[in-house]
**Q** 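The structure's right below; bear with me while I get my questions together.
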Amino acid sequence: MKIIKEAIAGTLESSDLLVKVAPSHDDTLEIILSSEVIKQFGQQIRRVVDETLQRLGVTAGSIIIEDKGALDCAIRARVQTAVLRGAACTDLNWEHLS
Amino acid sequence: MSGEFDFYTVIPAQAPDEAAEIRQFLAACHLEMDGNIDVFVVARAGRRLIACAGLSTNIIKCVAICEDFRGESLSLQLVSEIVQQAAERDHFHLFLYAKPCNVPFFRGCGFYPLVEVPDYIVLMENSPVAIDRYCDRLRMRREPSDKTGCIVINANPFTLGHRYLAQQAAAACDWLHVFVVSEDASFFPYSDRFKLVSQGLAGIANLTVHHGSEYMISRATFPGYFLKEKGIIDSCHTAIDLLLFREYLAPALGITHRFVGTEPFCPVTKKYNEDMKHWLQRAPSPAPAITVVEVQRTAQDGTPISASEVRRLLASGNFDAIKPLVPATTLQLLISDYAPDTTRRPGIYG
Amino acid sequence: MKLRRSMLFLPGANAAMLSTAFVYKPDSIMFDLEDAVSLREKDSARLLVFHALQNPVYREIETVVRINPLNTPYGLKDLEAVVRAGVDVVRLPKTDKPEDVHELETQVERIERECGREVGSTRLMAAIESAIGVVNAYAIATSSKRMIGIALAGFDYCVDMQTERGDGTELFYARCAVLHAARAAGIDAFDVVYSDVNDEEGFLKEVDLIRRLGYTGKSLINPRQIELLHNAYAPTDEDVDYARRVIAAAEAAERDGLGVIALNGKMIDAPIVNQAQRTLQRAQASGTRK
């Protein structure tokens, strides 16, 4: 899935996260994660984000995440929503989303 | 389950009564109402206005929260809402002005400090890497040179005055970088201004013409610039713009000198040139000082050439008087696209 | 017999509430994709609920999702998401006639087959929000074997009736009609939400009314209302004593192979025994009434 425009999903409220995606300038994938719980959960969050992007087939783009202590299920949902919005995709493939 | 507070949007131009209430609320929080807010997000507890945040294009301003409600939850909801409003208006790269004491809070909202006018104001943006990526791209256009100059022009439109300034600067340096202000807030659209600068500077070998950016004389870094015909000058914003140049853009390109034309007519530009000497050369900063060089304006029959004079003459269709002030390429475009009967266009700023 | 006294509404777009609501322990949790979600967040709420349903914290609690009506651009996508995510019950809003449920059931069955979920395992409930819905309540209640209950939704119903929410007079007929339809069909009946979360007294008065009418439970919009409701539905100590004696008599009759259950010389039939089981179930869940 290709990110063709900027998009956001989520909020900055506690237990949520704000995800901002943008097309890549040089066809690389850049993920920037900022979290209040980066010390304890940084690796775990990063793993969930990587896995979610991989399943969606996102190989290029800028993904900026501001996490407020969200559960994995919220992280998956917000990353997916931002990517789908950025890819202008409305045809959902549930196999890739679960 | 529902939230404690009611959030909704107010478009000040369409709701004068609510705008007046917001103005009062801001005043109570020691903030001034900005005249260019497209939309406010306000929060109420019952009927009481307890928080607001404004959006001006892609800049968040006028953020205030009633002291009794300064908990994390309200403020984070407020910023989330204004970010959503920006997204709905297709603005994703956002700037925000904050008092230095509020930086930690906005840091928690995904905004990162760019530059600070100490004890006064901080410009933040909602990306930890955007400015670095921009500087990376600039760095790729760096030229081997010891004395590296820079000029930033709006060129509204490009005149022989601009060409003279560039010639003088290029002659004084090993290499010259010319930036064209990219904000589309002038009479001539950016695409035309950039084209005229590129054409008008053809033949000067040691220079590069660059597209401007949001980090340089833009609504975000220097909103007062585009209001200069209203005579509004805000010195803190010249500082923000100049510090960004000194701390990010200049080091990326190795710029050592900044050239400006002397400006006898326009108070904004005159003030900007004076501020330039302070913030680029004298003010304390982690970045090296940049020498400011003022170049005497070239004159035609004793009157210095200015773009505003060209626009004045254009309004009356006086192409004979314009001809000695601009290069042939500019004159050609003015005649073909901007003759007075075709000049009724939306651009209103100088 | 599943206890369904409290059904807590959660706005589907709110990650924080979705992540924490299970701690309040309502009998059922209802994620809302319809009225509580703005148009701009329909897509994000659907994905949030999709993943929340699969979160282990919701394994122990009955999950209900109110989808958007199927005649909107969102309804079918919502359904795809929640059936695949393993929701227990799909709540159809604005149900006017049994055909609305048939249409839903056809789609649910298709999705169950496509994703390999046991056909029939997705249960349904319908919200009745109009005069025609109330008139058709029994047909709706019996429209599918998957139906677990019907709910009255007060706001839209009152608009349709050209009246407004007040002291309950305006809901008099609808409450009785929906309840009768549900009981005749052998399914649960859920009362309207009480929206003024600060008016505890008014809430308890309404709860008392619907409990005495015979409602299974009520939709709630604030977790604070859960305990109040559970306590109001809890039996008294006397109720529990009596229920224990009924059950003991039933067990004795069963043990002795008697066809007739007797307590204190009076004959007791099956509905009384069921009632006693419900009483003990409520007492076990929330103690006796305080």
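Each chain gets a letter, A, B and so on, in the order its sequence line appears, and its residues count up from 1. The structure displayed is predicted, hence computed values, not measured ones.
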**Q** Indicate yes or no: at least one non-hydrogen side-chain atom of B/Val79 is less than 4.5 angstrom from one of B/Phe105.
**A** yes

**Q** For a quick test of reading the model, state the closest non-hydrogen atom pair linking B/Leu123 to B/Tyr97 and the distance between them.
**A** CD1-CZ, 3.6 Å

**Q** Does any part of the side chain of B/Tyr112, heavy atoms only, come nearer than 4.5 Å to the side chain of B/Ser127, both counted from C-beta?
**A** no

**Q** Does a donor on one side chain and an acceptor on the other come within less than 3.5 Å for B/Ser213 and B/Tyr134?
**A** yes

**Q** Using the ring of each side chain (for Trp, its six-membered ring), is B/Phe111 parallel, tilted or perpendicular to B/Phe106, with breaks at 30° and 60°?
**A** perpendicular

**Q** Closer than 3.5 angstrom, by distance alone: can the side chain of B/Arg141 be matched with the main-chain N or O of B/Arg137 as a donor-acceptor pair?
**A** no

**Q** Partners of B/Glu67 by side-chain contact (heavy atoms from CB on, under 4.5 Å), sequence neighbours excluded?
**A** B/Arg70

**Q** For residues 1-28 of chain A, give me every residue with a non-hydrogen atom less than 4.5 Å from any non-hydrogen atom of chain B.
**A** A/Glu6, A/Ala7, A/Ile8, A/Gly10, A/Thr11, A/Leu12, A/Glu13, A/Leu18, A/Lys20, A/His25

**Q** Check whether any side-chain N or O of B/Asn126 sits under 3.5 Å from a backbone N or O of B/Leu94 as a donor-acceptor pair, and report yes or no.
**A** yes

**Q** What are the residues of residues 53-62 of chain B, in order of number, with any heavy atom under 4.5 angstrom from a heavy atom of chain A?
**A** none

**Q** Check this for me, if you would: do B/Glu125 and B/Arg133 make a salt bridge, where the nitrogen-to-carboxylate-oxygen distance has to be below 4.0 angstrom?
**A** no

**Q** Mind checking whether B/His211 and B/Phe194 have side chains closer than 4.5 Å, heavy atoms only?
**A** yes

**Q** In terms of heavy-atom pairs under 4.5 Å with chain A, which of B/Glu81, B/Gln84, B/His93 leads?
**A** B/Gln84

**Q** Please work out whether the ring planes of B/His210 and B/His177 are parallel, tilted or perpendicular, with thresholds of 30° and 60°.
**A** tilted

**Q** Report, in residue-number order, which members of residues 38-66 of chain A are under 4.5 Å from chain B by heavy-atom distance.
**A** A/Ile64, A/Glu66

**Q** Thinking salt bridges, do B/Arg48 and B/Asp68 make one under a 4.0 Å N-O criterion?
**A** yes

**Q** Under a 4.5 Å cut-off applied to non-hydrogen side-chain atoms, are B/Tyr215 and B/Leu114 in contact?
**A** yes

